[in-house]
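A quick note: this is a predicted structure, and the numbers were derived from the prediction, not measured. In what follows, every chain begins at residue 1, and chains take the letters A, B, ... in the order their sequences are listed. Heavy-atom basis, side chains included; hydrogens, waters and symmetry copies ignored.
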2 protein chains.
Amino acid sequence: MDAAAADERLDRAFMALADPVRRSILARLSRGPATVTELAEPFDITTQAVSKHIQVLESAGLVTRSRDAQRRPVHLDAAALETLTEWIDRYRLIHEQRFRRLDALLASADGGDAAASAEQD
Amino acid sequence: MDAAAADERLDRAFMALADPVRRSILARLSRGPATVTELAEPFDITTQAVSKHIQVLESAGLVTRSRDAQRRPVHLDAAALETLTEWIDRYRLIHEQRFRRLDALLASADGGDAAASAEQD
DNA sequence: TAGTTGATCAAGCGATTGGTTGAATAATGG
DNA sequence: CCATTATTCAACCAATCGCTTGATCAACTA
């Protein structure tokens, strides 16, 4: 998978998580697979709408589907979720490491000027 | 913060991350604060557009802003990023725990029927 | 004070989103 | 075969998104 494709997959994955209905669906799926009808039950929207939500989740790689007669059970793909936390953590950790360096610098300095120059790093 | 407000903040945060330009801005900010003009430089879009992107990130709680003459430096808020990884990890871990239980069950069983009934849990 | 720089506001535009209703497809079971 | 069940397709709609251009606001500086 090239960088552009990975980027587009991140786009879709985060976009998928931006909707409360889809997050709720994922929460349900974390407890085991479910059909479209089952997933639609808690919501005041049509099964068609839920079917679309599932397609969004599937194209984001967050869920997969199997077959059971006329049913199409939906399964959570935890590996995709892990990819997302990895992406977030990457920048979070860089940022926090930077802060730790700044803190160390401030602790060993007297005035505030040192802090201002360190801020530009 | 009540549950609905937290939900809306999650909406906005994930939505904010769904755009490659905004993710790129966050990546830049993980290395230190920057002004709107500086953040706009790598992109082929107007500073107005970047300004809007920053407003999206700010309303999602992912960045904060300070003042320096006519400049408005943008700072990463790593705490908000941590909230997101926590949300994702919650469901990911529930799901993986469930799988571990299923694996254990399968390891101690003979046929596939036990798996089918465990699947419903 | 006038000009310049940095950023935002405002209005508009094409594309996309989340939802609907209605019809079609697929697989089961009497 | 026929009716039922589970799901998807198709067309449409209001709202929102990302971006643009043009104007405005705020603060520094010659």
Side-chain angles (χ1 to χ4, degrees), chain A residues 4 7-29 32-60 62-75 116 119-120, chain B residues 4 7-29 32-60 62-75 116 119-120:
Chain A
D7 228 52
E8 213 177 289
R9 166 153 284 191
L10 271 184
D11 284 10
R12 281 205 282 261
F14 282 125
M15 182 61 153
L17 291 180
D19 186 281
V21 170
R22 287 193 290 261
R23 284 202 305 278
S24 180
I25 287 174
L26 287 182
R28 164 64 187 82
L29 291 177
T35 66
V36 175
T37 314
E38 286 166 358
L39 290 171
E41 199 274 324
F43 303 105
D44 267 354
I45 57 177
T46 62
T47 57
Q48 286 97 317
V50 172
S51 182
K52 281 191 185 178
H53 279 304
I54 293 168
Q55 284 173 46
V56 170
L57 290 168
E58 189 178 19
S59 90
L62 295 170
V63 304
T64 58
R65 320 199 60 178
S66 54
R67 211 172 232 311
D68 167 26
Q70 62 274 67
R71 266 142 265 139
R72 302 291 315 279
V74 187
H75 311 256
E119 191 82 3
Q120 296 305 321
Chain B
D7 228 52
E8 214 175 290
R9 166 152 284 192
L10 271 184
D11 285 9
R12 281 204 281 260
F14 282 125
M15 183 61 154
L17 292 180
D19 186 281
V21 170
R22 287 192 293 260
R23 283 202 307 277
S24 181
I25 288 175
L26 287 181
R28 163 64 187 82
L29 292 176
T35 66
V36 176
T37 313
E38 286 166 357
L39 290 171
E41 200 274 323
F43 302 106
D44 267 352
I45 57 177
T46 63
T47 57
Q48 287 97 316
V50 172
S51 182
K52 281 193 186 177
H53 278 305
I54 293 168
Q55 284 174 46
V56 170
L57 290 168
E58 188 178 20
S59 91
L62 294 171
V63 304
T64 57
R65 321 199 59 179
S66 54
R67 215 180 226 306
D68 168 26
Q70 62 275 64
R71 268 143 262 135
R72 304 291 315 280
V74 187
H75 310 254
E119 192 82 3
Q120 296 304 322

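From B/L57, atom CG reaches atom CG of B/L29 across 8.0 Å, with rounding to the nearest 0.5 Å. Here A/R72 contributes atom CZ and A/T37 contributes atom OG1; the two are 12.5 Å apart, rounded to the nearest 0.5 Å. Atom-to-atom distance recorded for A/D68:CG and A/T35:OG1 is 9.0 Å, nearest 0.5 angstrom.
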Exercise for the section: Go through the steps to decide whether B/L62 and B/V56 satisfy the test side chain to side chain contact (heavy atoms under 4.5 Å, CB included), and finish with yes or no. Expected result: CA-CA 9 Å; B/L62 294 171; B/V56 170; over 6 Å; no

Exercise for the section: With side chain to side chain contact (heavy atoms under 4.5 Å, CB included) as the test, would you mind laying out the steps for A/I25 and A/V50 before giving the verdict? Expected result: CA-CA 9 Å; A/I25 287 174; A/V50 172; 4.3 Å; yes

Practice task
Apply side chain to side chain contact (heavy atoms under 4.5 Å, CB included) to the pair B/V36 and B/R65, showing each step before the final yes or no.
Solution key: CA-CA 10 Å; B/V36 176; B/R65 321 199 59 179; 3.3 Å; yes

Practice task
Check the pair A/R23, B/D7 against side chain to side chain contact (heavy atoms under 4.5 Å, CB included), reporting the backbone distance first and the verdict last.
Solution key: CA-CA 10 Å; A/R23 284 202 305 278; B/D7 228 52; 3.7 Å; yes

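The phosphate of D/dT8 has OP1 or OP2 within less than 4.0 Å of a side-chain N or O from A/S51. The side chain of A/H53 contributes an N or O atom lying less than 4.0 Å from OP1 or OP2 of C/dG19. Here A/R65 does not reach the OP1 or OP2 of D/dA6: none of its side-chain N or O atoms lies under 4.0 Å away. For C/dT5, neither phosphate oxygen OP1 nor OP2 lies less than 4.0 angstrom from any side-chain nitrogen or oxygen of B/T37.
Listed here is the closest heavy atom pair of B/R28 and B/P33: NH2-O, 3.6 Å. Across all non-hydrogen atoms, the minimal contact from B/A16 to B/A60 is CB-CB, 4.1 Å.
Across its full length, the helix from C/dT1-D/dA30 to C/dG30-D/dC1 shows an angle of 10° between the axes of its 5 terminal pairs at either end, rounded to 10 degrees.
Take the nearest nucleotide of DNA chain C for B/T35 and for A/T46: the residue whose nucleotide is more 5' is B/T35. Comparing B/A49 and A/I54 by the nucleotide of DNA chain D that holds the closest heavy atom to each, the one mapping nearer the 5' end is A/I54. Nearest-nucleotide assignment on DNA chain C puts the 5′-proximal partner with B/P73, out of B/P73 and A/V56.
A heavy-atom distance below 4.0 Å to DNA chain D is reached by these residues of residues 14-26 of chain B, ordered by number: B/M15, B/D19, B/R22.
For the pair B/I45 CD1 and C/dG14 P, the computed distance is 20 Å after rounding to whole Å. Rounding to whole angstrom units, CG of residue B/D11 and P of C/dG18 are separated by 11 Å. In this structure, A/L57 places its CG atom 14 Å from C1' of C/dT17, rounding to the nearest Å. B/Q55 has its CD atom 14 Å from the P atom of D/dC19, to the nearest Å.
With sequence neighbours excluded, no residue forms a side-chain hydrogen bond (donor to acceptor under 3.5 Å, both in side chains) with A/R9. Not counting sequence neighbours, A/E58 has no partner by the side-chain hydrogen bond (donor to acceptor under 3.5 Å, both in side chains) test.
In the set C/dG19, C/dT8, D/dC19, the nucleotide with an atom closest to the side chain of B/K52 is D/dC19.
Applying the side-chain hydrogen bond (donor to acceptor under 3.5 Å, both in side chains) test to every pair with at least one member in residues 43-57 of chain B, sequence neighbours left out, gives these pairs: B/R22-B/H53.
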Fill in the blank from the handout: In 5'-to-3' order, the base (B), backbone-only (S) or no-contact (-) status of each nucleotide in nucleotides 22-30 of chain C, using a 4.0 angstrom heavy-atom cut-off, is B----BS--

